[in-house]
A.B. asks: 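First the structure, then my questions, so here it is.
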Amino acid sequence: MAASALFILDLKGKPLISRNYKGDVGLGEIENFMGVLLQREEEGTLTPVLTYGHVHFLWIKHANLYLVATTKKNGNASLVFSFLYKVVEVFSEYFKELEEESIRDNFVIIYELLDELMDFGFPQTTDSKILQEYITQEGNKLDTGRSRVPTTVTNAVSWRSEGIRYKKNEVFIDVIESVNLLVSANGSVVLSEVVGTIKLKVFLSGMPELRLGLNDRVLFELTGRGKNKSVELEDVKFHQCVRLSRFDNDRTISFIPPDGDFELMSYRLHTQVKPLIWIESIIEKFSHSRVEIMVKAKGQFKKQSVANGVEIAVPVPSDADSPKFKTTVGSAPVPAGTQRGSSGASNPFLVEKEEEEGRPPIAVRFEIPYFTVSGIQVRYMKIIEKSGYQALPWVRYNHPERGLSDPHQLRGPPWTPPWTPRPPWTPRPPRTLPCPLPSSGPIKMELRPPCPAGLGALGHWEQSGGVLVPIEGFGGAEGRGGPHPLLWAPLPV
């Protein structure tokens with residue numbers, strides 16, 4: 001059992017739109033939601049599930065909206081919350097931004113979507129690409145001769161339409177790992193976890209079957225390869241396209257992919273990781289009205305890697321005033337309403353009164369291209385399609401990290417804001433590199449000195465007039481990659 005009704009409310013708790021799927025919970029029950037929420041918030045006991053009488057409210061907040069599902073039964077809370085976040089994702093695909101104004105401007109389409117997303121309290125079609133095939137923002141003329149619902153909805157493969165064609169068949173694989181670290185005052189790691197995702201961008205014709213090979217430790221043990229250079233994956237979560245029975249039997253990740261972008265799988269590793277950027281800070285107080293914070297940052301990763309977008313957030317007392325900054329690298333802005341620095345700095349503050357507020361940890365945020373902490377590797381990607389066309393799989397690795405370093409005192413939970421992915425792949429003009437050629441034709445190699453500095457990524461290159469030229473189709477995040485262009489490394493098919 002999932003949900004009896006779904007409501008979308010504004011910040012004042014006024015219903016903007018609702019859909020009653022079962023009828024066992026009256027629509028008037030939603031009037032009790034905001035009162036219970038405010039009461040729990042004042043008491044400091046706010047939870048994702050609120051109860052008033054015999055009615056349970058399962059809610060999430062997005063922008064200036066509350067999405068609330070109601071039920072009287074002991075339903076599957078995880079299923080309901082997954083559905084609510086899926087509703088946000090689908091509405092965002094349709095309206096670009098999901099907020100109160102977009103709800104008011106699209107009542108008709110939202111009612112149609114709510115009818116398709118859930119039926120009698122159970123989630124149904126939640127794939128936005130399939131929904132967009134027959135629920136559009138354009139007017140539809142009445143046609144009683146044929147059904148508007150595509151056959152994809154009732155197919156065994158409901159996440160991919162038939163008849164897809166591309167001139168160039170390619171698959172782009174992104175391996176993204178985030179590391180959450182909490183370091184104590186004496187330098188010991190208190191909390192360390194690696195959260196990884198594998199995302200695909202698929203441009204393949206027909207109905208191909210893909211098989212992805214990883215350096216999975218369980219697979220290596222089953223095949224007698226030992227544990228060297230293998231990773232033990234935990235808390236693995238797959239997209240619905242993956243054949244779970246086959247993965248349970250022989251650890252093979254086999255699937256028919258959706259078209260375009262999607263997240264294939266996510267995983268978690270509880271392993272000890274040393275901080276890749278080490279933070280030291282010294283706090284000096286002068287009388288009762290002045291404090292100086294000295295922050296030093298040191299990289300602890302290999303010279304071949306480059307940390308991009310390094311941001312260091314230094315918490316200060318709430319009554320700090322008249323800040324002054326001195327930085328050796330980067331800048332130290334203080335946005336309105338916040339006290340933040342973005343580089344190692346010496347920051348004297350003028351404090352009007354002394355207040356015991358504790359010492360929250362210093363937060364560090366950065367990302368490292370072509371680098372994964374866990375050592376996970378994509379060994380191969382096999383593409384099988386009945387027409388037998390040739391396809392190119394490409395892979396790249398990225399490592400955004402959020403670290404917390406507290407040289408004085410541990411206070412509060414880890415800082416884990418949502419990660420913002422890189423901008424999509426964009427083409428760039430070919431670049432010639434005066435390097436000696438080990439062979440002719442397409443090759444796979446790693447560029448090192450005496451090649452141009454900064455080009456340490458694996459790439460796909462070919463011979464052209466005595467120099468190496470990237471094959472058409474390479475791309476990167478221009479302006480964000482530092483001295484390392486973000487290149488795609490080809491995989492064996």
Side-chain angles (χ1 to χ4, degrees), residues 48 60 76-86 88-89 173-184 188-200 212-222 227-255 261-277 301 361 363-379 381 395-405 410 412-422:
I60 63 173
N76 187 337
S78 299
L79 175 62
V80 175
F81 283 115
S82 297
F83 174 75
L84 291 178
Y85 283 109
K86 197 68 181 179
V88 172
E89 180 182 332
I173 308 168
D174 273 310
V175 181
I176 303 162
E177 286 191 347
S178 301
V179 179
N180 299 321
L181 280 173
L182 186 63
V183 183
S184 66
S188 61
V189 177
V190 179
L191 172 67
S192 173
E193 66 172 4
V194 180
V195 180
T197 58
I198 297 180
K199 298 184 178 183
L200 270 65
L212 180 68
L214 304 174
N215 56 335
D216 184 5
R217 180 167 300 175
V218 177
L219 175 62
F220 277 31
E221 291 177 353
L222 290 175
K227 298 182 180 180
N228 293 334
K229 296 183 179 180
S230 62
V231 176
E232 185 175 359
L233 303 177
E234 305 171 8
D235 299 337
V236 182
K237 177 185 174 184
F238 289 108
H239 187 275
Q240 62 175 335
C241 65
V242 177
R243 297 184 175 92
L244 297 180
S245 58
R246 183 163 185 179
F247 180 78
D248 292 336
N249 291 334
D250 55 12
R251 307 291 288 190
T252 299
I253 303 175
S254 176
F255 57 97
D261 297 312
F262 74 102
E263 182 179 301
L264 176 66
M265 62 178 289
S266 62
Y267 56 90
R268 186 188 304 270
L269 297 175
H270 295 280
T271 181
Q272 287 293 328
V273 179
K274 71 174 183 179
L276 297 178
I277 293 183
F301 46 84
V364 187
R365 185 179 180 185
F366 58 94
E367 61 182 35
I368 302 178
Y370 344 118
F371 181 78
T372 57
V373 176
S374 67
I376 191 171
Q377 294 180 353
V378 179
R379 296 170 48 239
M381 168 69 80
V395 64
R396 65 178 174 181
Y397 300 86
N398 191 28
H399 166 70
E401 175 167 324
R402 295 100 175 161
L404 288 169
S405 177
L410 290 177
W415 180 60
T416 55
W419 172 72
T420 303
R422 282 182 171 272

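These figures come from a predicted structure and were not determined experimentally.
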A.B. asks: Using only atom types and a distance under 3.5 Å, with no angle test, would you say the side chain of Gln377 pairs donor to acceptor with the backbone of Asn215?
C.D. replies: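 Such a contact is absent between Gln377 side chain and Asn215 backbone.
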A.B. asks: Drop me the distance from Ile173's CD1 to Lys199's NZ, to the nearest 0.5 angstrom.
C.D. replies: 14.5 Å
A.B. asks: Starting at CD of Glu263, measure out to CG of Asp174 and round the result to the nearest 0.5 Å.
C.D. replies: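 CG of Asp174 is found 11.5 Å from CD of Glu263.
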A.B. asks: I need the Arg268 CZ to Ser178 OG distance, nearest 0.5 Å.
C.D. replies: 10.5 Å
A.B. asks: Please report the closest heavy-atom contact between Phe366 and Leu276, naming both atoms and the distance.
C.D. replies: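 Looks like CZ-CB, 3.9 Å.
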A.B. asks: Are Phe262 and His239 near enough that their ring centres are under 6.0 Å apart?
C.D. replies: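 Ring centroids of Phe262 and His239 are less than 6.0 Å from each other.
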A.B. asks: Please report the shortest heavy-atom distance between Glu232 and Leu269, naming the atom on each side.
C.D. replies: O-CD2, 2.6 Å
A.B. asks: Working to the nearest 0.5 Å, report the span between OG1 of Thr197 and NZ of Lys237.
C.D. replies: 11.5 Å
A.B. asks: Hey, are Tyr267 and Glu177 close enough side-chain-wise for a donor-acceptor pair under 3.5 Å?
C.D. replies: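 Yes - a donor-acceptor pair under 3.5 Å links their side chains.
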A.B. asks: Do you know which two heavy atoms are closest between Arg379 and Leu219, and how far apart they sit?
C.D. replies: NH1-CD2, 4.1 Å
A.B. asks: Considering non-hydrogen atoms only, spot the tightest contact between Ile198 and Leu200 and give its length.
C.D. replies: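 Closest heavy-atom pair between Ile198 and Leu200: CG2-CD1, 3.9 Å.
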A.B. asks: Can you list the steps and then say if Leu233 with Ile376 is a side-chain contact (heavy atoms from CB on, under 4.5 Å)?
C.D. replies: CA-CA 9 Å; Leu233 303 177; Ile376 191 171; 4.0 Å; yes
A.B. asks: List the atom of Phe220, the atom of Leu214, and the distance in Å for their closest heavy-atom pair.
C.D. replies: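 Here Phe220 and Leu214 meet closest at CE1-O, 4.1 Å.
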A.B. asks: Counting only N and O atoms by type, is there a donor-acceptor contact under 3.5 Å from the side chain of Ser192 to the main-chain atoms of Val273?
C.D. replies: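 Yes, Ser192 side chain to Val273 backbone: donor-acceptor pair under 3.5 Å.
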A.B. asks: Shortest non-hydrogen contact from Val194 to Val179?
C.D. replies: CG2-CG2, 4.1 Å
A.B. asks: Is any side-chain heavy atom of Val189 closer than 4.5 Å to one of Pro275?
C.D. replies: yes
A.B. asks: Look up atom CZ in Phe255 and atom CG in Leu244, then write down how far apart they are to the nearest 0.5 Å.
C.D. replies: 12.5 Å
A.B. asks: Which value, rounded to the nearest 0.5 Å, describes the distance between Lys86 atom NZ and Leu79 atom CG?
C.D. replies: 13.0 Å
